[in-house]
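Sequential numbering from 1 along the given sequence is applied to the chain's residues.
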Amino acid sequence: ERDPNAEKRLQGMVDIGEERPRQVLAGMAEFVQPGELVGRQVTGIANLAPRKMRGLESQGMILAVRDQGTLQLLAPGGGVIPGSKVS
């Protein structure tokens, strides 16, 4: 969903194969509608220390490439188990 505290940011829960999903904040609201990410697999970074941003905590990062005014999410080419390691 859109972050009510920052117009360019989305907030959501991401399943990375742990007991509970993690909250992740991502500055991609100008490129991606919130509903487009539901059920989609993405590549992320989960070994970061949690970070507070305008009252909300982000517990990871979604990787994307920005090029010539567009944004493309980095994602596996096929279905993988949530939490699979990037190597």
Look at the side chain of Gln41 and the backbone N and O of Val80, then say whether any donor-acceptor pair between them is shorter than 3.5 Å.
-> yes

If we only count heavy atoms from C-beta on, is the Arg2 to Gln33 side-chain gap below 4.5 Å?
-> yes

Side chain proximity check, Leu37 to Leu73, heavy atoms < 4.5 angstrom | yes

With side chains defined as the heavy atoms from C-beta onward, is the minimum distance between Arg66 and Phe31 less than 4.5 Å?
-> yes

Side chain to side chain, Leu63 and Val42, heavy atoms closer than 4.5 Å = no

Any side-chain donor near an acceptor of the partner, Gln11 and Glu1, under 3.5 Å | yes

Answer yes if Met61 and Val86 sit in the same cluster of Ile, Leu, Val, Met, Phe, Trp and Tyr residues linked by side chain heavy atoms under 4.5 Å apart, and no otherwise.
-> no

Check: Leu10 and Asp3 side chains under 4.5 Å, non-hydrogen atoms | no

Got a donor-acceptor contact below 3.5 angstrom from the Arg22 side chain to the Ala46 backbone?
-> yes

Between the CE atom in Met53 and the OG atom in Ser58, the distance rounded to the nearest 0.5 Å is 4.0 Å

Heavy-atom check, side chain of Thr43 versus side chain of Pro76, under 4.5 Å | yes

Hey, is the main chain of Leu25 close enough, under 3.5 Å, to the side chain of Arg9 for a donor-acceptor pair?
-> no

Counting heavy atoms not belonging to Met28, are there more than 12 under 6.0 Å from its CE?
-> yes

Once you round to the nearest 0.5 Å, how far does CG of Leu71 lie from CD1 of Ile62?
-> 10.0 Å

